[in-house]
Student: 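Please see the structure below; I have some questions.
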Amino acid sequence: MPQVLTLDKKFIFAALASALAVSLIYGLPHFLIKNQLAGQGKIYSPITVFSDGDEAQIYAPFIKEAEEGKIFLGDPALKEHDKNFSLMPLSGPLFLGLSARLVGMGNIWILSDFLFPALIFLIFFILIYEIVGMAHISLVLAGIFIFAREVASLIPFSTFQQFKSFAVYFKPYLSGAVENRLPFDRLLAPEWTFIPLGIFFISWFISLKKRTVFSSVVTGIFSGFLFYSYPYDWMSVFLILGANLIFLFLSRDYRGAKLALITIISGFIVSLPYWIYFLEISRLPQYKELINRTGLEVGRTFRFFLTPHYVLWLGSSLWLFVKNKKNPMALGASAIFVASFVAMNMLMVIGYVPQPDHFFRYPLAFGLFFAYVILVKELLSRYYSFFTPYKRYFLTIAVVALIMVFTRGVQLQKAYADQNSWRYALEKPISESFLWLNEKTKEDSIVLSPSVVTNTHLLIFTKAKVFVPPTGVVTTASE
């Protein structure tokens, strides 16, 4: 039974109340910006090319396709390529697009900001509670994470920029112009992608404790689903599962190794349609061109600038393995540390990786947080008498950190709304032209425009296709 099911009712209420607070903070800009624009006689749109380029030019067109009832999401921009397979993972666009059929395209962006961060907070709370078994600590750490996503991956600050990025999370006041939102204020990654990733970790932690074939198969199913969610997630997770298998084997826990292998095999079986789909994409004559558009980094290079990270990761992994090899959770943390090292140097193995910083910013930021919590728990357990006098100070520091990130989060959302409302404005004549197109033209009609802005908005607000895609990432056409 998951530990969270044994929680006292007051802590369940506290977790739900905290999730509600997270929801309101993340959704706050929608209220503020809409009111500002209404006073200016402008129409509010939660997604425009100026609000977030990736959301508008890449994510929204695929979601729009699903909203229109298309299950096969090919090229959403060019009609002559709409039967081609796309590089875009499809689970997020399909889920959000089908939901948009019920509530509308714009409303799905608003609802996601209210619902997804709160759900991620609850998932993270459950995961921390599975590790430490203390609800108050779990609430504090989940609160820090939801407003400071990358704190774990930034430690131990291999560069000064990483230290600055870490410190700014805990700066309780704003001292300049605000152009960025909170870390979970963006579809699809990370708002959508962290939900299946979090569900995988919940299942994995439970399977590490229960050690049954059923729990291992379920964990494998969730790991396999990540292939359809976000490529950096499934790559990171299978590195973690592979490292965990090796550690279990080295510790002579052959039953645990067998269960870990069952998890990997189950995940691979679930991923088989993905590989068939990927094979079809790779057969396109312009496949290499499409891959290059994703921000490909090429060359077999070692990331020496992260050496302090490697020392901490590999040292922690070794200590956990040597001192706690009979503890499945400790071996799991060891696997996360080693997988992080491998993920950041995958170039050495395969020679190319699209935007490798995404490992650092997303799945590793998630997994390393748990690994550090497990590491600290094992250190406190082993050296209890040494750390006992300082327990109160540790908790005080964590609570102060939570207050600081919370304070910054509220200020950031208000300042962002005040300074960036123009990004979400649609002029009435433009909005009316989109309505006219929807009424007077057939679905998938091709509209010619030389404007990147217009082409982006046509794919969001109308059923038309465009003659010139707003970005090469959204189309499968060759140059």
Side-chain angles (χ1 to χ4, degrees), residues 45 47-49 52-98 100-101 105-106 108 187-189 227-231 273-296 352 354-355 430-431 433-479:
S45 173
I47 175 65
T48 73
V49 69
D52 188 296
D54 283 353
E55 284 188 342
Q57 295 184 330
I58 304 172
Y59 303 156
F62 284 98
I63 294 172
K64 180 69 175 176
E65 290 278 281
E67 183 204 21
E68 293 172 358
K70 299 173 183 175
I71 301 300
F72 175 84
L73 305 181
D75 187 326
L78 299 179
K79 187 174 182 178
E80 62 269 30
H81 293 279
D82 61 0
K83 301 302 181 185
N84 286 352
F85 288 90
S86 170
L87 290 172
M88 170 67 71
L90 299 181
S91 65
L94 280 173
F95 174 82
L96 294 167
L98 294 175
R101 289 175 66 86
M105 183 73 171
I108 203 65
L187 283 175
L188 293 162
F227 283 79
Y228 311 96
S229 173
Y230 197 50
Y274 167 86
W275 292 112
I276 296 171
Y277 184 90
F278 182 79
L279 182 62
E280 290 298 318
I281 297 173
S282 66
R283 287 175 176 169
L284 293 172
Q286 68 270 32
Y287 169 71
K288 289 185 179 179
E289 186 182 318
L290 300 179
I291 289 291
N292 283 330
R293 293 176 191 171
T294 64
L296 205 64
Y352 64 91
Q355 301 185 55
I430 294 175
S431 177
S433 71
F434 292 146
L435 291 174
W436 184 91
L437 281 170
N438 283 327
E439 292 175 1
K440 304 296 184 180
T441 61
K442 295 180 180 179
E443 184 176 334
D444 291 345
S445 296
I446 299 173
V447 179
L448 174 63
S449 171
S451 168
V452 172
V453 173
T454 300
N455 285 327
T456 300
H457 289 166
L458 283 168
L459 295 177
I460 300 174
F461 301 114
T462 77
K463 297 179 180 180
K465 300 286 189 179
V466 295
F467 189 77
V468 180
T471 172
V473 181
V474 77
T475 181
T476 58
S478 173
E479 293 181 3

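Values below: every heavy atom of this structure, side chains too, minus hydrogens, waters and symmetry copies. Bear in mind that the values here come from a model prediction, so they are computed numbers and not experimental data.
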Student: Report yes if the side chains of L437 and L458 come closer than 4.5 Å at any heavy-atom pair, otherwise no.
Tutor: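 Counting from C-beta outward, L437 and L458 do come under 4.5 Å.
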Student: Quick one: are V452 and Q57 in side-chain contact, heavy atoms under 4.5 Å?
Tutor: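 In short, these two side chains touch, coming nearer than 4.5 Å.
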Student: Pair up each side-chain donor or acceptor in residues 87-96 with any protein partner under 3.5 Å, not counting sequence neighbours, and list the distances.
Tutor:
residue, atom, partner, partner atom, Å
S91, OG, Y228, O, 2.6

Student: Is a side-chain donor or acceptor of Q355 paired with a backbone partner of T294 at a separation under 3.5 angstrom?
Tutor: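 Looks like yes, one N/O pair under 3.5 Å.
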Student: How about P470 and L459: do any of their side-chain heavy atoms sit closer than 4.5 Å?
Tutor: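 Yes, side chains in contact.
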Student: I'd like to know if the side chain of D75 and the backbone of N84 have a donor-acceptor N/O pair within less than 3.5 Å.
Tutor: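 Checked: no pair found.
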Student: Atom NZ in K79, atom CD in E443: separation rounded to 0.5 Å?
Tutor: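 Here the rounded value is 9.0 Å.
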Student: Hey, could you give me the CD1/OH distance between I276 and Y274, rounded to the nearest 0.5 Å?
Tutor: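 The OH atom of Y274 is 12.5 Å from CD1 of I276, to the nearest 0.5 Å.
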Student: Can you see which heavy atom on V474 is nearest to which on T471, and at what distance?
Tutor: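 In terms of heavy atoms, the two residues are closest at CG1-O, 3.3 Å.
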Student: Please report the shortest heavy-atom distance between I281 and S86, naming the atom on each side.
Tutor: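 Smallest interatomic distance, heavy atoms only, reads CD1-O, 3.1 Å.
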Student: Considering only residues two or more places apart or on different chains, which pairs with a residue in residues 452-479 satisfy ring pair (Phe, Tyr, Trp, His ring centres under 6.0 Å)?
Tutor: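 As it turns out, the ring pair (Phe, Tyr, Trp, His ring centres under 6.0 Å) pairs with a partner in residues 452-479, which skip direct neighbours, are F434-F461, H457-F461.
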Student: Please name the pair of heavy atoms, one in R101 and one in A66, separated by the smallest distance, quoted to 0.1 Å.
Tutor: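 Here R101 and A66 meet closest at CD-O, 3.8 Å.
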Student: To check you understand the geometry: which heavy-atom pair defines the closest contact between M105 and A60, and what is its length?
Tutor: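 For M105 versus A60, the nearest heavy atoms are CE-O, 3.2 Å.
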Student: For P61 and E55, work out which heavy atoms get closest and say how close.
Tutor: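 Nearest heavy atoms, P61 then E55: CD-O, 4.4 Å.
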Student: Output, in order, the C-alpha distance, side-chain angles, deciding distance and verdict of side-chain contact (heavy atoms from CB on, under 4.5 Å) for K465 and D82.
Tutor: CA-CA 10 Å; K465 300 286 189 179; D82 61 0; 4.2 Å; yes
Student: Run the ring-ring contact (aromatic ring centres under 6.0 Å, His included) test against F62 and tell me which residues pass, sequence neighbours left out.
Tutor: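 F62 satisfies ring-ring contact (aromatic ring centres under 6.0 Å, His included) with no residue once adjacent residues are dropped.
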Student: I need the T476 OG1 to R293 CZ distance, nearest 0.5 Å.
Tutor: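 Reported to 0.5 Å precision, the distance equals 8.0 Å.
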Student: Checking L188 against I63 for the side-chain contact (heavy atoms from CB on, under 4.5 Å) test, could you report, in this order, the C-alpha distance in whole Å, the side-chain angles of both residues, the deciding distance, and whether it holds?
Tutor: CA-CA 10 Å; L188 293 162; I63 294 172; 4.3 Å; yes
Student: Nearest 0.5 Å please: distance from the NZ atom of K463 over to the NZ atom of K64.
Tutor: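 The distance works out to 7.0 Å.
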Student: How long is the span from the CZ atom in F72 to the CZ atom in F85, to the nearest 0.5 Å?
Tutor: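 Between atom CZ of F72 and atom CZ of F85 there are 5.0 Å.
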Student: Which atom pair, heavy atoms only, marks the closest approach of I47 to A56?
Tutor: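 Closest pair (atom of I47, atom of A56, distance): CD1-N, 3.6 Å.
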Student: Nearest 0.5 Å, please: how far is CG in D52 from CG in L187?
Tutor: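 Interatomic distance, L187 CG to D52 CG, rounded to 0.5 Å: 9.5 Å.
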